[in-house]
Trainee: 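After the structure tokens below, expect a handful of questions from me.
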Amino acid sequence: MFFATAHNHPSPLTPPSPSPYETCSQGHSTALNLPTSEGGRICLVCLSNLISNQKSPTIHVSYALSQLSQALIQPQFLHSFITFHSHFLISPLVNSLSAFHDAAIAAQIVDLVLRMCDAAKDDQVYGEFVAKVSDRLSSYSLAFSCQQLQILHCLGVLLDLQISNPHAYVKDKPALVFNLITGLQLPSEEIQGEILFVLYKMSLLQDRDKDNNFAEVLYANHAKLLHLSLEVLMKTQSDDVRLNCIALLTVFAFRGWFDNTCINDVKHSFESENLMQTTEQTTNRCPLITLFAEAVKGPLLSSDSQVQVATLDLIFLVLSWKDGTGEEIQVLVEENIADYVFEILRLSGCKDPLVNSCIQVLDLLSTAEQAFRQRLAVGFATLIPILHYVAEVPFHLAQIQSLKLVGNCLSKCPGIVSRSDVEEISIIMTGMLKKQTDGESGILPETFNLACTLLVSLMKSSSSCGALSLSLLHDASINAVLTCLSNYDKHPDQLLHSLYLLKETFTYSREENLSEPIKLDLGHGIIDVCQKHILPWFMTAINDIEEEDVILGVIETFHSILLQISDTEIKMFAEILVSSSWFSLLLGCLGSFPSESMKLMVYLIFSSIVDVLLLEDGGQPIRDAACHLPSDPIDLLFLLGQKSSHDIQLFSCQSAVLLIFYISSLYDDRLADDKMVLASLEQFILLNGTDFLYGISTSVTIDIIINLYGLYRGFAKRSYQVPYSPEAERILFHLLADKEWDLLSLKIHFTSLKWLFQQEKIFKLLSEQMLNLSRCNSLRGSSITVYGKDRLYVDVKSIAELIMSGENFGPMLLVCLFGELTEQDDQEDDIISVVHTITDIIEFLPAASDQLCVHGIAGPICNIYSHERYSSLPDLFMDTSNLVISVLCSVQSKSLSDDEAWVTIAIKLMDYLISTTKTDCWPQENIMVISILALVLHHSTNQALIETSKIILLSTPLASIIKQTISEACSKGPALVDHDDGTKSGDALRVLLLLMFFSLRSLPAVLPGMTETHNLLEDDNEEQPIPYISLNCRDFCKLLHFGCPPIKLVSSYCLLALFNRISDHGRRKPDGLNIRRGSLLSIMAILEGLTFSSDVRISLNCSLCLSMLIDWKGLDGKELAAESNIWCRMMVEELVISLAVPRLASTFIMIHHKPAIQVAVALLRLKETPQWMASVLDDSSLTAIIQNISIGNVNRELVLLFRELLNSGYLKAENIASLNRVFQACRKHLYVDEVQNDNSKEQEKAVAVSKGLGEVCEFLFNLMSSLSSHDGLGSLLSTNEGLLAEIDLFSKCLMDED
């Protein structure tokens, strides 16, 4: 045998070491008899003889090879074998591959070959094996046999090791390649598979070593190899063979052999003329690609996904080679390869890498548009789930191609896409954009752009109606734009696509059949993002934008919005654009990007802005002249300086220029220097004035010239140094006189309007315009549309602002127009229009009444009341009276002049009142007259309208009407409570009491020292020394007792005003007041009862009156206090209990105890304080009250109470210290916080004048309340200032005491 085993039996743990020099049983050399670690030996000579002999039993050969394989694992044996005998077995092993027909033995031999090559330290063993094996394959033709199959396999394995350069050991490369090519034609799939693998490995050697001549040999036979490989691929059913074949073909494709093969075949097959060669080349390219198409169908249908992926990658590689043409793609599509790919995609289960390979092949096939269209339509349904899958995977390789394919179907096969498909795709796309905008990095920039484009295609699809979620589109488009704005520096091209999406979403939302509120809501969101984000970004980044397309994209987006049906929101958007110097901005862009497309787009959006802001098609002149207009504003002005009477094109350009400068200047966007613009306008007027006079120019152009000229003349007037042309001004004014000028037709800048109203030369024309304004105002009411500061149509508000601005003839013109109409007969309609207009002016700007009064508006009003016919017209009388009320409610007293006009007005109104009043019937006209008289008396307290007020106060008939009406009301007794607001008698009674209040306040100013108001406390039978409007105190008390709540309240204010006047009179008389005690007892009883009224205002007024009764000099205060002892004590006790209870001393409680505090203060101020005060205000009660006081509930009355307690000695040192801490903290709090004056609210009410009669009475009531809160002894300051003043007085008392 070739190996021997030991005959002794050593210990199993320590096998005996064999002698290193022993011969085998055949007596072979001991050097070739190698020991193993198990104690045996392997004779290499015996082994070689055994495996080389074809007659050796295969079981022995297999056993011997396995023993050698096991021995090679042992390091000692391996080292000895490789070092000294590595080449000994090379030839026997190679021979044995062809000697035995046993696959298992062949596998063992190949394994031994690999181990020996791997263990050898140099490449000689590997090279000798390659040489031996390749020699065998090169020496004879291959036939179907197991031995040659094993040889092929062994060569493939050796080449796969990639050790050194195997090509160097192949002696006859052409013969080897020839035999391999021959073997490919054999019917055995196993041999074909092995040959293909060997060829694949050989072809890869070209990439590893450029110097090997394998490349030349393979290239010389590449055409045949390519055809044979494709035939094998087409015919084989083995996936292993397919993989090897596809791998080889892939290498060929990388080298461009597919294209070269076709060309070379043509050249070698035909030797004819060039034309014939070209023709045949064209016809012979197709068979190869057709064969390729047929060959790949089988692998595409394979159940092995690896084969499918490799085949798809091969197709992609072949079609994408640089020398390839669309002809090959066309053939593959016609051979239905696209259908195979779609089927693979359908069955792929959305798994990579099948998805990637399929999509990239379909993307290439789609370039054959005509042929691919039908296949795409059939396979479109397969793409939607794939699109959903790749959209969910961040940065998926197939995202871009998938979007392209879907987009191609939408554009090329629109009828294939169903409504459900549109809905599903839109959800996928909006989801992708949402991930991007939410900060989830999931798509590439190109993918983002394609997603935006695809959504736009969906919106334009015929199946999109009702299928798209507008809310999703709205959010996606807006968020996409916002994201692109923030990332513009990184991906500037994305902004264009997002703007395109935003624009189309806005258009789609307007075209979609939606309800109007939904449309408005969606449109509002898009306009809002344009207004608040895109426009500010554009204005900031305009100088840094280098791409013209980006600027055009922004302009087109804004333009698409302006093109929609004009509504308020779009008008506001246009206003914001122009207010942001949009015209200057875009004209500046023309300087940086002077392309024709940019210029046309700029002038196009200018024209659309004019359409929106002026009138429909108002921007048509700009559109007509856009091609001929220059880009520079200076050049635009140059056009104005030309004579255009016979040049229609020039006139069109001039009209466009005037429109551009008109709209821009209207919104304070100066396109050029003011002097240059004014000079150009004057030149235009001087050269073309004749054309205007003869009607060549349109009326709109004339109005624009007037507005522009007035604007820049107004600007020039501000600088006082800009010269102007008197001749141009003369021509313009002459033009206004000859043409039908309508100041109301177009918007006008306020500066222009003011300049026009400063021109005395056109006073009559302006008067006519004011009359037109009044007529229009009466027709449409007082609804005013204002578009921004200094930019408006001429309306009531603009005239009101004009009057307030001063330095113009506005108020004079309006008053003169009013006066002229009242002096003419049969002008009642125009008079009513003017009256309404003036009333509206005062309603919008109450301060305008000062200017109107200064310019004598009382005269025209007097004319109406004095006119026999006009004064008898009910509507005119009511409107005029309403105007008088508006004037008197709004005007400052210093602006009123006590002339005969106001006196006449008062007399006429009182005559009307006396002649129409019945005690049981008070029409609205009479109530308005009473209100006017009350307002006149109010102004007399400010030393205005004194004579007019004197006539009112001394009117005996008026006093009689008032007294009779009040007496009848008082006689009703308890039934008086039914005469509430809303009833005619209740309204009349209330307004008469208001008149009484203002008359009581007016008396000292109008009739100083001539009235004895204290006599009003006496009985009714005593007559007054001087007759004037007045009421007995008992009447007020009756109204207080029996009246409804509004009557009680007004009566309490009147009684308080009367007591204030009596107190003032008593302080001025040295001997005090002389009032009988009996006159006061009933009054005191009423007052005591009403100090507990639920209305704190009534309660407070009555408590102040009661306090004054107690405090009046000349009366027995002690006796009066005794009479009211029970009530006063009850009030003070309730006050102390409420304030001393913990957690009850809230701000609300403090307010409702103000009346009781006033009574307590009055009692503390008496010379002799009631004895019960000390027991009620004891130390424990005061300490409890002080503990409940905090910063939040301190008010002026409470500080006043503690100041009087301090002065009266009721407070201890610790109480004073506690109070002082709280008051100082309150002072600090008031200084830190923003001061909120309650009286500012009252003043706002006094300014806001309305037309209704109820509102007028409410105004008089609020005026009465505000005036009463600032009167002398009864100072009820509830503001922070009043509280601070009272705290200062408390601190001063502390210092005086110290």
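Predicted, not measured: the structure shown is a model, and the values here were computed from it. By convention here, the first residue in the shown sequence is residue 1.
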Trainee: Quick one: salt bridge (charged side-chain N to carboxylate O under 4.0 Å, His left out) pairs with a partner in residues 160-169, sequence neighbours left out?
Mentor: Asp160-Lys201
Trainee: Do Leu226 and Leu249 come close enough that some side-chain heavy atom pair is under 4.5 Å?
Mentor: yes
Trainee: Check the surroundings of atom CD in Gln70: do more than 12 heavy atoms from other residues, nucleotides or ligands lie under 6.0 Å from it?
Mentor: yes
Trainee: So, using side chain to side chain contact (heavy atoms under 4.5 Å, CB included) as the criterion, who are the partners of Phe254 when residues are at least two apart?
Mentor: Thr250, Leu317
Trainee: Return the set of residues passing ring pair (Phe, Tyr, Trp, His ring centres under 6.0 Å) with Tyr340 (not counting sequence neighbours), or none when no residue passes.
Mentor: none
Trainee: If you look only at pairs with a residue in residues 35-58, which of them pass as a ring-ring contact (aromatic ring centres under 6.0 Å, His included), with sequence neighbours excluded?
Mentor: none
Trainee: Hey, does Val45 have a side-chain heavy atom less than 4.5 Å from the side chain of Phe88?
Mentor: yes
Trainee: Determine whether a donor-acceptor pair (N or O, by modelled atom type, separation under 3.5 Å) exists between the side chain of Ser80 and the backbone of Gln76.
Mentor: no
Trainee: For Thr58, is there any backbone N or O sitting under 3.5 Å from a side-chain donor or acceptor partner on Ser62?
Mentor: no
Trainee: For the backbone of Val393 and the side chain of Gln399, can you confirm whether one donor and one acceptor N or O come within less than 3.5 Å of each other?
Mentor: yes
Trainee: Quick one: does any side-chain atom of Ser69 pair with a main-chain N or O of Leu65 as donor and acceptor, under 3.5 Å?
Mentor: no
Trainee: With sequence neighbours left out, write down each residue that passes side-chain hydrogen bond (donor to acceptor under 3.5 Å, both in side chains) with Asn221, or none if nothing qualifies.
Mentor: none
Trainee: Could you list all the salt bridge (charged side-chain N to carboxylate O under 4.0 Å, His left out) pairs where at least one residue sits in residues 240-249, not counting sequence neighbours?
Mentor: Asp239-Arg242
Trainee: Quick one: which residue pairs count as a salt bridge (charged side-chain N to carboxylate O under 4.0 Å, His left out) with a foot in residues 354-375, not counting sequence neighbours?
Mentor: Glu369-Lys412
Trainee: Would you please name every residue forming a ring pair (Phe, Tyr, Trp, His ring centres under 6.0 Å) with Phe372, sequence neighbours left out?
Mentor: none
Trainee: Kindly write out the residues that satisfy ring pair (Phe, Tyr, Trp, His ring centres under 6.0 Å) with Phe380, not counting sequence neighbours, or none if the list is empty.
Mentor: none
Trainee: Any salt bridge (charged side-chain N to carboxylate O under 4.0 Å, His left out) involving residues 291-309? Give me the pairs, sequence neighbours left out, ordered by first then second residue.
Mentor: Glu294-Lys297, Lys297-Glu335
Trainee: Using side chain to side chain contact (heavy atoms under 4.5 Å, CB included) as the criterion, list what pairs up with Glu446, not counting sequence neighbours.
Mentor: Ile400, Lys404, Leu450
Trainee: Has Thr236 got a side-chain atom pairing as donor or acceptor with Val232's backbone, closer than 3.5 angstrom?
Mentor: no
Trainee: Which atom pairs, donor and acceptor, lie under 3.5 Å between side-chain atoms of residues 345-354 and protein residues at least two apart or in another chain?
Mentor:
residue	atom	partner	partner atom	Å
Arg346	NE	Glu343	OE1	3.2
Arg346	NE	Glu343	OE2	3.4
Arg346	NH2	Glu343	OE2	2.4
Ser348	OG	Leu345	O	2.7
Ser348	OG	Cys350	N	3.3
Asp352	OD1	His396	NE2	3.0
Asp352	OD2	Tyr389	OH	2.8
Asp352	OD2	His396	NE2	3.0

